[in-house]
Amino acid sequence: MPDSVELSPVDLEILRLLQNDARITNKDLAAAVGIAPSTCLDRVARLRDTGVITGQHASVDAAKLGRPLEAFLFVQVRPHRRPLVDPFVEHLLSLPEVRAVYHLTGPDDFLAHVATSSAGELQRLVLDELTARDEVARVHTNLVFQHWSGGPLLPPA
């Protein structure tokens with residue numbers, strides 16, 4: 001699969017609208033971009049087939065699920081070698097508190113976005129699930145006070 005896909009202005013508008021509301025009906029999406037519903041369905045299918053659209057997700061308020069404390073955990077692993085990367089990421093993703101994991105450059109190797117029920121639960125997560133692992137050299141924690149999401153992701157102009 002190529003790294004980028006050539007997209008028409010109609011494709012870009014479909015992407016913008018779907019990113020703002022993934023529940024929009026095909027009929028309403030087609031009307032909004034000015035094409036027939038069957039054409040719209042074909043275009044969305046092509047965007048999925050080419051990997052431009054990778055899924056549809058519900059945005060969830062972690063606090064309403066009993067996880068009001070969000071944090072970013074910057075993790076340094078040693079040695080930072082491929083045989084440790086996949087198992088470590090799999091371990092992080094298996095934890096119910098983990099919302100996202102990023103592999104980084106710089107002094108930290110991973111960034112994990114987590115949501116916990118309390119400061120004590122965050123401490124348990126860091127001590128029992130991260131620093132207890134042999135490959136984890138350091139964990140730096142930043143609490144999230146508030147967050148905002150950006151607009152739809154579109155290719156550079």
Side-chain angles (χ1 to χ4, degrees), residues 1-77 80-116 122 125 129-130 133 135-136 139-157:
M1 185 176 338
D3 286 342
S4 65
V5 175
E6 191 165 328
L7 301 171
S8 73
V10 171
D11 293 329
L12 294 174
E13 185 62 9
I14 288 171
L15 286 175
R16 188 186 68 73
L17 291 166
L18 285 175
Q19 287 180 82
N20 285 327
D21 179 9
R23 294 175 9 158
I24 188 172
T25 66
N26 183 64
K27 180 180 175 184
D28 290 343
L29 183 60
V33 297
I35 58 177
S38 60
T39 302
C40 187
L41 201 57
D42 289 343
R43 284 180 178 258
V44 171
R46 184 178 73 78
L47 291 168
R48 284 192 181 108
D49 292 344
T50 57
V52 174
I53 295 176
T54 60
Q56 292 175 255
H57 310 278
S59 294
V60 176
D61 184 332
K64 293 199 191 293
L65 295 178
R67 297 180 184 276
L69 185 65
E70 292 189 63
F72 288 106
L73 307 178
F74 294 86
V75 183
Q76 188 179 76
V77 297
H80 186 192
R81 295 208 175 108
R82 180 158 301 282
L84 293 176
V85 169
D86 291 339
F88 182 70
V89 170
E90 286 175 25
H91 174 70
L92 287 176
L93 292 175
S94 75
L95 302 171
E97 300 87 357
V98 174
R99 302 195 71 187
V101 176
Y102 303 90
H103 194 189
L104 307 173
T105 64
D108 297 302
D109 302 310
F110 295 95
L111 170 63
H113 177 201
V114 301
T116 64
L122 178 60
L125 177 69
E129 300 294 346
L130 295 174
R133 294 179 63 95
E135 71 271 27
V136 174
V139 176
H140 176 88
T141 304
N142 285 69
L143 296 181
V144 175
F145 289 139
Q146 194 170 0
H147 74 272
W148 297 265
S149 294
L153 180 63
L154 298 172

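Quick caveat, the model's predicted, so the values are computed rather than measured. Residue numbers count from 1 along this sequence.
Side-chain N or O atoms of N20 include one that pairs as donor or acceptor with a backbone N or O of R16 at under 3.5 Å. Between the side chain of D11 and the backbone N or O of S8 there is at least one donor-acceptor pair closer than 3.5 Å. The backbone N or O of P107 lies less than 3.5 Å from a partner atom in the side chain of Q76, making a donor-acceptor pair.
Contacts of N26 classified as side-chain hydrogen bond (donor to acceptor under 3.5 Å, both in side chains), with partners at least two apart in sequence or in another chain: none. Residues satisfying the side-chain contact (heavy atoms from CB on, under 4.5 Å) test with T39, not counting sequence neighbours, are I35, A36, R43. Shown here are the side-chain contact (heavy atoms from CB on, under 4.5 Å) partners of A100, two or more places apart in sequence or in another chain: Y102, H113. H140 is linked by a side-chain hydrogen bond (donor to acceptor under 3.5 Å, both in side chains) to N142, counting only residues two or more places apart in sequence or in another chain. Taking Q146 as the reference, W148 meet the side-chain contact (heavy atoms from CB on, under 4.5 Å) condition, with sequence neighbours excluded.
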Can you list, pair by pair, the side-chain donor-acceptor contacts under 3.5 Å of residues 83-95, counting residues two or more places apart and other chains?
| unit_1 | atom_1 | unit_2 | atom_2 | d |
| --- | --- | --- | --- | --- |
| H91 | ND1 | R133 | NH1 | 3.4 |
| H91 | NE2 | E129 | O | 3.0 |
| H91 | NE2 | E129 | OE1 | 3.2 |
| S94 | OG | H91 | O | 2.7 |

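To the nearest 0.5 Å, the span separating CG on L12 from CG on L154 amounts to 6.0 Å. With rounding to the nearest 0.5 angstrom, the NE2 atom of H103 is 11.5 Å from the CG atom of L111.
When each of L69, T141, L122 is paired with V114, the side chain to side chain contact (heavy atoms under 4.5 Å, CB included) condition holds for L122 and for no other.
Closest approach of T116 and E97 over heavy atoms only: CG2-CG, 3.9 Å. Pairing each heavy atom of E70 with each of A62, the nearest pair is OE2-CB, 4.1 Å. Nearest heavy-atom pair across P155 and L7 is CG-CD1, 4.4 Å. Closest non-hydrogen pair, V101 versus F110, comes out as CG1-CD2, 4.2 Å. Looking at every heavy atom in both residues, V136 comes nearest to V139 through CG1-CG2, 3.7 Å. Heavy atoms only, all atoms of each residue included: R99 and A115 are closest at CD-CB, 3.8 Å.
No side-chain heavy atom of R46 sits under 4.5 Å from any side-chain heavy atom of D42. Contact of the Q56 side chain with the L18 side chain is not registered, since no non-hydrogen atoms from C-beta on lie closer than 4.5 Å.
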